[in-house]
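One structure below.
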Amino acid sequence: MDNIIAGILIVLIAIYMGLPFLLTRICGWGVFRKARRKRAHRHVAFTFDDGPDPDYTPELLDLLRERGAKATFFVLGSKAEKVSRACETHA
């Protein structure tokens, strides 16, 4: 009896773990959409959290500006008050 319960439990766990994998990775269902046509350029989104950092943020912003890249920064209010010059000069 214990072997039957253990076997059923293993099968249920395999289905629980395997079904999402099959649906998302193999069938392509889920949160990602496949493009209907191939794009000439691929896009990447950059996000930076918990900033600004007084040492690295200005350098990073200059590098992004040189390359013509865009990024999203999530700024902590407490840090922005301390290094407001970095936020103001590169906004």
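If you read the sequence from its start, that first residue is 1, and numbering goes on from there. On a predicted model such as this, the values are computed, not experimentally measured, just so you know.
- For the atom pair CD1 (I10) and CD1 (I5), the distance works out to 12.0 Å, reported to the nearest 0.5 Å.
- Here the CG atom belonging to L19 is positioned 11.0 Å from the OH atom belonging to Y16, to the nearest 0.5 angstrom.
- Residue I4 qualifies as open at atom CD1: its count of foreign heavy atoms under 6.0 Å is 12 or below.
- Rounded to the nearest 0.5 Å, atoms CG (L61) and CD (E66) are 11.5 Å apart.
- Tracing side-chain contacts under 4.5 Å through hydrophobic residues (I, L, V, M, F, W, Y), one reaches M17 starting from L9; they form part of the same cluster.
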